[in-house]
Amino acid sequence: MDQVYADVPQRDQPRETEGVGAQPPRRSRRWLLVVAGVVLALLVIAGGVAYWLATKDYQSTTDAQIDANVTQMASQVAGRVTDIQFSDNQHVNGGQVLLKIDPRDYQAKLDQAVAQQQSAAAQVAQASAQLGVQQASLDQAGANVVVAQADLTQARQDYERFHRINPHAVAQQQIDQADAAFRSQTAKVAAAKQAVEGAKAQVSAAQAQVTAAKAAEQQALAGVSTAKLQLSYTTIVAPSAGRVTYRRVNVGDYVQPGQALFALVQDGPWVQADFKETELAHMRPGQPVTISVDGVPGVTFHARVDSFQSGTGSQFSALPAENATGNWVKVVQRVPVKIVFDGDAYQKYFLAPGMSVEASVKVR
């Protein structure tokens with residue numbers, strides 16, 4: 001009986017397997033999964049805390065780009081282009097000659113203006129000389145008055161002398177001559193004084209002619225200055241150092257005043273970063289900034305906050321929002337922040353307006 005039961009297989013007992021192919025129990029596997037999940041969660045939490053600690057003092061944005069002063073160079077006079085002294089995307093210095101327009105028409109106008117100025121100067125000299133003549137005539141008329149008054153004094157004395165003495169002591173003819181001489185000299189004095197007044201009028205007229213001639217000379221000088229200025233416009237120079245780009249003109253083209261010819265991207269780029277208005281609470285000018293440019297991978301540029309635009313980007317758009325119309329919806333606005341580079345290390349790299357940038361500002 002005992003032997004029979006001993007030979008019956010025991011189904012409830014698990015089979016023991018030995019060797020390499022042995023598998024752990026299910027309960028052990030569950031515990032391993034739990035432990036792995038906890039460890040993974042702790043790693044994620046630790047990573048999140050580390051990231052928060054590393055970034056809590058920074059405000060970053062990818063809504064940023066390289067910016068620079070771009071001058072649209074245009075012609076100020078009409079004419080045919082005779083020479084272009086730059087190549088596409090060439091760096092030029094301030095004052096460097098870039099383009100020339102045929103100057104012959106403007107040189108002829110300058111020569112004509114110079115001739116008119118010389119003629120006006122001659123008229124001034126002539127009027128001044130005429131004024132001298134009239135002034136001399138006035139002086140002569142004044143001298144004639146003095147002579148006439150002296151003669152009148154003598155005639156008056158003779159007249160009075162002949163009328164004081166006994167009429168029978170002198171001839172009537174002498175008395176009549178004294179009377180006539182007195183009246184004649186009186187008339188001569190009056191005539192001399194009238195001549196003085198006439199000479200004064202002539203002097204005034206001559207002075208007016210001098211003034212008019214000088215005004216004409218000033219006008220002619222202004223014409224010369226204008227002609228020189230127009231002639232200078234036939235040579236276009238770089239207003240500052242930078243790169244010439246977006247060329248739209250060739251030798252032989254006939255250009256008009258105001259016609260855009262090319263663009264000059266001036267040296268000294270900066271970064272315009274558009275931060276949310278909620279990110280500006282602790283941002284101040286002078287705070288350090290790290291810059292990453294998509295076009296220059298692997299290079300970190302150091303910069304600083306320069307200034308804030310006095311208005312959001314939407315405020316200066318073509319159609320700014322009118323919140324008073326009744327359809328207002330609150331949207332977080334962005335404010336352009338100007339960021340300037342530290343030092344000149346950035347000059348070793350190609351940075352052009354419009355290139356994408358990631359900016360991170362240390363606010364604490």
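Residue numbers count from 1 along this sequence.
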*Sidechain-backbone polar pair: Gln209 side chain, Ala127 backbone, donor-acceptor under 3.5 Å*: no
*Got a sec, which residues hit salt bridge (Lys or Arg N to Asp or Glu O under 4.0 Å) with Arg248, two or more places apart in sequence or on another chain?*
none
_Is any side-chain heavy atom of Val293 closer than 4.5 Å to one of Val299?_
no
*asked:* Could you list the cluster mates of Val70? Members are the ILVMFWY residues connected by side-chain heavy atoms closer than 4.5 Å, either directly or through other members.
replied: Val265
*Are more than 12 heavy atoms from other residues, nucleotides or ligands located less than 6.0 Å from atom NZ of Lys338?*
yes
*Nearest atoms (heavy-atom pairs only) where Ala68 meets Gln266*: CB-O, 4.1 Å
*Are Val340 and Ile66 joined in one hydrophobic group, where the rule is that I, L, V, M, F, W and Y side chains link up if heavy atoms are under 4.5 Å apart?*
no
_For the CD atom of Gln259 and the CG atom of Asp253, what is their distance to the nearest 0.5 Å?_
7.5 Å
_Would you compute the distance between atom NE2 of His91 and atom CG of Leu264 and round it to the nearest 0.5 angstrom?_
8.5 Å
*asked:* Counting C-beta onward and ignoring hydrogens, is there a side-chain heavy-atom pair between Gln59 and Gln287 closer than 4.5 Å?
replied: no
*Other cluster members, Val133 - Ile/Leu/Val/Met/Phe/Trp/Tyr, side-chain contacts below 4.5 Å*: none
*Restricting to pairs with a member in residues 282-306, which pass ring pair (Phe, Tyr, Trp, His ring centres under 6.0 Å), not counting sequence neighbours?*
Phe301-Phe341, Phe301-Tyr349
_Show the nearest heavy-atom pair for residues Thr71 and Pro239, with the distance to one decimal._
CG2-CG, 4.4 Å
*Could you list all the salt bridge (Lys or Arg N to Asp or Glu O under 4.0 Å) pairs where at least one residue sits in residues 294-318, not counting sequence neighbours?*
Arg304-Asp342
*Within 6.0 angstrom of Phe316 CZ, more than 12 heavy atoms from elsewhere*: yes
*Where do Thr61 and Ala273 come nearest, in terms of heavy atoms and distance?*
CG2-CB, 4.0 Å
_Gln76 (side chain) donor-acceptor with Ala74 (main chain) under 3.5 angstrom_ = no
_Listed partners of Arg334 passing salt bridge (Lys or Arg N to Asp or Glu O under 4.0 Å), at least two apart_ = Asp63
_Just so I know, are the side chains of Leu280 and Val337 near enough to count as touching, which here means a heavy-atom distance under 4.5 Å?_
yes
*Do Thr245 and Arg243 have side chains that get closer than 4.5 Å, going by heavy atoms?*
no
Contacts table for residues 31-46: side-chain donor-acceptor under 3.5 angstrom, sequence neighbours left out:
none

*Answer yes or no: are there more than 12 heavy-atom neighbours, outside Gln219 itself, under 6.0 Å from its atom CD?*
no
Would you give me the side-chain donor-acceptor pairs under 3.5 Å for residues 221-236, sequence neighbours excluded?
from, atom 1, to, atom 2, distance (Å)
Ser225, OG, Leu221, O, 3.2
Thr226, OG1, Ala222, O, 2.9
Ser232, OG, Leu229, O, 2.5
Thr234, OG1, Leu231, O, 2.5

*In one Ile/Leu/Val/Met/Phe/Trp/Tyr side-chain cluster, 4.5 Å: Val255, Tyr106*: yes
*How far apart are the closest heavy atoms of Ala220 and Gln117, and which atoms are they?*
CB-CA, 3.3 Å
_Chi angles and distances behind the side chain to side chain contact (heavy atoms under 4.5 Å, CB included) call for Val289, Val305_ = CA-CA 7 Å; Val289 185; Val305 176; 3.7 Å; yes
*Give me the other members of the hydrophobic cluster that Val332 sits in, counting Ile, Leu, Val, Met, Phe, Trp and Tyr linked by side-chain heavy atoms under 4.5 Å, directly or via other members.*
none
_ring pair (Phe, Tyr, Trp, His ring centres under 6.0 Å) contacts in which one or both residues fall within residues 66-88, not counting sequence neighbours_ = Phe86-Phe262
*Enter the distance from Gln347:CD to Asp267:CG here, rounded to the nearest 0.5 Å.*
7.0 Å
*Considering only Ile, Leu, Val, Met, Phe, Trp and Tyr, and joining two whenever side-chain heavy atoms are under 4.5 Å apart, list the other residues clustered with Val237.*
Val97
*Do Trp270 and Tyr346 belong to the same hydrophobic cluster, where Ile, Leu, Val, Met, Phe, Trp and Tyr are linked whenever their side-chain heavy atoms lie under 4.5 Å apart, directly or via other members?*
no
*Find the distance between CD1 (Ile339) and CD1 (Ile291) and round it off to the nearest 0.5 Å.*
4.5 Å
*Residues in salt bridge (Lys or Arg N to Asp or Glu O under 4.0 Å) with Asp88, at least two apart?*
Arg247
_Minimum heavy-atom distance Ser314-Gln333, with the two atoms named_ = OG-OE1, 2.7 Å
*For the atom pair CD (Glu358) and OG1 (Thr300), what is the distance rounded to the nearest 0.5 Å?*
10.0 Å
*Cut-off 3.5 Å, side chains only: do Thr312 and Gln315 have a donor facing an acceptor?*
no
*Starting from the C-alpha separation in whole Å, work towards a yes-or-no answer on side chain to side chain contact (heavy atoms under 4.5 Å, CB included) for Lys100 and Gln85.*
CA-CA 8 Å; Lys100 290 185 177 181; Gln85 300 184 8; 3.7 Å; yes
*For residues Val210 and Ser128, report the shortest heavy-atom separation together with the two atoms involved.*
CG2-N, 3.6 Å
*Gln207 CD to Thr211 OG1 distance, which is reported to the nearest 0.5 Å*: 7.5 Å
*Are Val77 and Tyr254 connected in a single hydrophobic cluster, I mean Ile/Leu/Val/Met/Phe/Trp/Tyr linked by side-chain heavy atoms less than 4.5 Å apart?*
no
*Under a 4.5 Å cut-off applied to non-hydrogen side-chain atoms, are Ser60 and Glu279 in contact?*
no
*asked:* When you group the ILVMFWY residues by side-chain heavy-atom contacts below 4.5 Å and let the links chain together, are Phe308 and Val363 in the same group?
replied: yes
